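Shown next, in structure tokens, is the structure this report addresses.
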Amino acid sequence: KNQVEQSPQSLIILEGKNCTLQCNYTVSPFSNLRWYKQDTGRGPVSLTIMTFSENTKSNGRYTATLDADTKQSSLHITASQLSDSASYICVVSSFSGGYNKLIFGAGTRLAVHP
Amino acid sequence: DGGITQSPKYLFRKEGQNVTLSCEQNLNHDAMYWYRQDPGQGLRLIYYSQIVNDFQKGDIAEGYSVSREKKESFPLTVTSAQKNPTAFYLCASSKETMPKNIQYFGAGTRLSVL
């Protein structure tokens, strides 16, 4: 069964600190892995997308890593800001039969406190 | 101002009533999607459309219906057959359904049952 699991479920950090969110997946066939940021009551916004051959990708203070051998990914947030408070969703893409299916994790809810 | 517009932002459904959620995009995307988001769960695909006048069932299509008469519009009807409709509904679009294409999301509609 295709699954994407994220940890921790929620996280509280102080402004200015770094944090790392984890994503483990069992998806086949694998096409790519994406991280989305979702503010409360809003739609998700894409942060990064990585294919099988990419180990790391950055978007400002966000750095995603991918280990395709162990089927793990992480999202590292550097020097957190209050505006980073959101849910972060790991999404794995599986392309089959002419259609690109996305399997969503349940997300990690991050709260950044002053 | 390009993007995906969902309306209404909040919607209430009475017992036995059908309700329709609107989704409009001006990104000239061919593919459009409807997802349901419940607390503590990943997004689940309801329906998707790769081209005008064609759409396919997703993982949880029962109790829902869609139409795709125009490229820009992909309305979702929640029918009385959907016994647990309370959720956050997200519409998305992408250029195509190929693996490299990013899905862009609307701001969502929160549906509640009276």
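Remember, it's a predicted structure, so these values are computed and weren't measured experimentally. Letters A, B, ... are given to chains in the order of the sequence lines, protein chains preceding strands, and every chain is numbered from 1.
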Shared hydrophobic cluster for [X] and [Y] (ILVMFWY, side-chain gaps under 4.5 Å):
X      : Y      : answer
B:F105 : B:I102 : yes
B:L11  : B:L76  : yes
A:V112 : A:I77  : yes
A:M50  : A:V4   : yes
A:V92  : A:L66  : yes

Using a cut-off of 6.0 Å, state whether more than 12 heavy atoms not belonging to B:I51 lie near its atom CD1.
->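 Counting neighbours around CD1 of B:I51, 12 or fewer heavy atoms of other residues, nucleotides or ligands fall under 6.0 Å, so no.
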
Sort A:L102 into side chain, backbone, both or neither according to what part of it lies under 4.5 angstrom from a heavy atom of chain B.
->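 The side chain, not the backbone.
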
Can you name the closest pair of heavy atoms from B:G40 and A:A106 and give their distance?
->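 Minimum heavy-atom separation between B:G40 and A:A106: O-CB, 3.5 Å.
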
Report the donor-acceptor contacts between chain B and chain A below 3.5 Å as a table, one pair per row.
from, atom 1, to, atom 2, distance (Å)
B:Q37, OE1, A:Q38, NE2, 3.0
B:Q37, NE2, A:Q38, OE1, 2.9
B:Q50, NE2, A:G98, O, 3.4
B:D59, OD1, A:K101, NZ, 3.0
B:D59, OD2, A:K101, NZ, 2.6
B:T97, O, A:N100, N, 3.2
B:P99, O, A:N32, ND2, 2.7
B:P99, O, A:R34, NH2, 2.7
B:N101, O, A:R34, NH1, 3.2
B:N101, O, A:R34, NH2, 3.2
B:Q103, O, A:Y36, OH, 3.0
B:G106, O, A:G43, N, 3.4

Counterpart residues, side-chain contact (heavy atoms from CB on, under 4.5 Å), relative to B:K14 (two or more places apart) =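 B:K14 satisfies side-chain contact (heavy atoms from CB on, under 4.5 Å) with B:Q17, B:L114 only.
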
Leading residue by heavy atom contact count with chain B [cutoff under 4.5 Å; candidates A:G41, A:P44, A:G43] |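 That would be A:P44.
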
